[in-house]
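Please read these numbers as outputs of a predicted model, since none were measured by experiment. Numbering of ligands and ligand atoms starts at 1, following listing order.
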Amino acid sequence: MSILPGPLRTAPHRRFDPLQGRWLVVSPQRLERPWQGQEEEAAPEELPAHDPACYLCPGNERAAGRRNPAYDGTFVFDNDFAALLPDIEPVSVQHRGLLVARSERGVCRVLCFSPRHDLRLARMDPASLRRVVDVWAEQYEELGARDDIAHVQVFENRGAMMGASNAHPHGQLWAQEHIPDEVVREDERQQGYQGRGGTCLLCDYLAVELVEEERLVVSNDAFVALVPFWAVWPFETLVLPRCHVGSISRLDGRQRDGLADILRRLTRGYDALFGVPFPYSMGVHQSPTDGRDHRAWHLHAHFYPPLLRSASVRKFMVGYELLGQPQRDVTAEAAAERLRASTL
Ligand code: H2U
Ligand code: ZN
């Protein structure tokens with residue numbers, strides 16, 4: 001069942017992103033070429049279980065000279081080259097509203113998902129993935145409880161194409177004094193929606209998608225992954241808990257297992273789509289920790305993969321997208337269909 005009028009599957013149109021409050025241009029007519037799938041991709045790389053040259057493997061020395069313990073599960077450490085620092089002098093400048101700056105305190109950490117150099121989320125077993133979910137929850141709780149931290153961003157860059165510096169399975173945590181802009185916008189949009197109708201934007205959105213079905217990718221009792229109606233990246237997905245909850249730390253054990261299961265099936269689906277370790281940036285958006293009322297916030301994760309048609313055809317945000325607004329060729333419906341087939 002779909003409410004989408006036929007021309008919106010074949011002709012240029014605009015779609016609205018209610019979470020960011022912005023429009024994008026969708027140009028399905030540009031994808032008349034047949035799906036070429038697995039043609040041009042590189043062969044999957046063979047990695048050793050332990051790489052003596054890896055900065056993140058257990059027991060190895062890191063770039064700045066510290067040595068990793070012989071960890072056998074997950075491992076968290078303060079980033080040796082942190083973008084944000086906790087102990088800096090507070091200063092600010094405000095010159096005629098034109099030169100505006102202020103110091104920003106924060107903490108950056110690296111989280112190794114596994115001691116095994118050759119694994120990635122898609123290849124980890126459910127119990128190990130569940131451990132990663134638990135560490136995300138612990139870190140959010142610990143950092144978010146601090147007075148100098150208003151927001152904790154959990155993310156993963158996967159693949160050199162997305163800027164990952166190392167093949168070892170790892171993600172990052174950036175916690176800071178102010179709420180970053182993407183999150184401020186999502187917060188305002190969720191609060192505004194709840195203020196107008198009394199219900200949650202993402203609870204309502206998920207209910208619509210569960211009826212529409214065509215943008216769903218994988219689901220279980222606790223979580224759903226779908227290609228959002230307003231997706232900008234070719235195979236972008238949104239991971240949503242079925243219940244209204246603001247952070248991973250508020251999920252019970254069954255729900256955390258549910259999240260781990262979705263992450264596993266979704267990333268395996270991504271790998272299967274092109275037959276290679278699929279590059280992406282992934283981030284978990286949890287309610288800000290600035291002490292204000294964020295009851296409207298609905299926990300979710302975004303996956304932003306750049307690959308469009310094969311390992312050698314990727315999306316860049318350039319030209320019109322840099323100067324006007326985002327644009328995509330493959331519709332959310334077509335992307336969901338391909339991704340869903342890859343997760344079977
Ligand atoms: P990315 O792969 O997403 O770049 O994350 C790796 C992070 O690990 C990166 O932020 C840090 C880099 O600063 N790092 C260390 O803290 N110590 C090292 O020895 C190597 C990399
Ligand atoms: Zn390694």
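Close placement of the F77 and F75 rings is indicated, their centers lying within 6.0 Å of each other.
Under the 4.0 angstrom criterion for non-hydrogen atoms, F155 is not in contact with ligand 1.
The protein non-hydrogen atom at the shortest distance from atom 4 (O) of ligand 1 is S165 OG, 3.3 Å. In this structure, the protein non-hydrogen atom closest to atom 5 (O) of ligand 1 is Q172 NE2, 2.9 Å.
At a threshold of 4.5 Å between non-hydrogen side-chain atoms, the residues C200 and Y193 do not count as touching.
Around the Zn ion (ligand 2), the protein contributes the following N, O or S atoms under 2.8 Å, ordered by chain and number: C54 SG, C57 SG, H117 ND1, H168 ND1.
Those atoms of ligand 1 with a heavy atom of F77 less than 4.0 angstrom away are 15 (C), 16 (O). Atoms of ligand 1 found under 4.0 Å from any heavy atom of G163 (numbered from 1 in listed order, with element): 4 (O). Residue H170 approaches ligand 1 through these ligand atoms, each under 4.0 Å from one of its heavy atoms: 1 (P), 2 (O), 3 (O), 5 (O), 6 (C). Near V110, with a cut-off below 4.0 Å to any heavy atom, the atoms of ligand 1 are 7 (C), 8 (O), 11 (C). Every atom of ligand 1 is numbered from 1 in the order shown, and the set under 4.0 Å from a heavy atom of A164 is 2 (O).
Contact check on R215 versus E333 returns a salt bridge, with a Lys/Arg side-chain nitrogen under 4.0 Å from an Asp/Glu carboxylate oxygen. At a threshold of 4.0 Å, the pair D134-R130 counts as salt-bridged, since one of the basic side-chain nitrogens sits closer than that to a carboxylate oxygen. Residues D221 and R242 are not paired through a salt bridge, judged by the lack of any N-O separation under 4.0 Å between the basic side chain and the carboxylate. Note on D252 versus R256: no salt bridge recorded, every NZ/NE/NH1/NH2 to OD/OE distance being 4.0 Å or above. Ion pairing between a basic and an acidic side chain is recognised when a charged N comes within 4.0 Å of a carboxylate O; R146 and E141 show no such pairing.
Tracing side-chain contacts under 4.5 Å through hydrophobic residues (I, L, V, M, F, W, Y), one never reaches Y71 starting from L129; they form parts of separate clusters.
Contact annotation for atom 21 (C) of ligand 1: protein absent (non-hydrogen atoms, distance under 4.0 Å).
Of the polar atoms of A63, at least one N or O is found under 3.5 Å from an N or O of ligand 1, judged by distance alone. Among the atoms of Y55, none of the N or O lies under 3.5 angstrom from an N or O of ligand 1.
With a 4.0 Å cut-off on non-hydrogen atoms, N79 touches ligand 1 through its backbone as well as its side chain. Residue-level proximity to ligand 1 for D80 is carried by backbone and side chain together, each with a heavy atom below 4.0 angstrom.
Applying the ring pair (Phe, Tyr, Trp, His ring centres under 6.0 Å) test to residues at least two apart or on different chains, the pairs with a partner in residues 109-141 are H117-H168.
Separating the CG atom in L202 from the CH2 atom in W297 is a distance of 8.5 Å, to the nearest 0.5 Å.
The main-chain N or O of A231 is found under 3.5 Å from a side-chain atom of R328 such that the two form a donor-acceptor pair. Judged by distance alone, the side chain of R15 and the main-chain N or O of V26 form no donor-acceptor pair under 3.5 Å.
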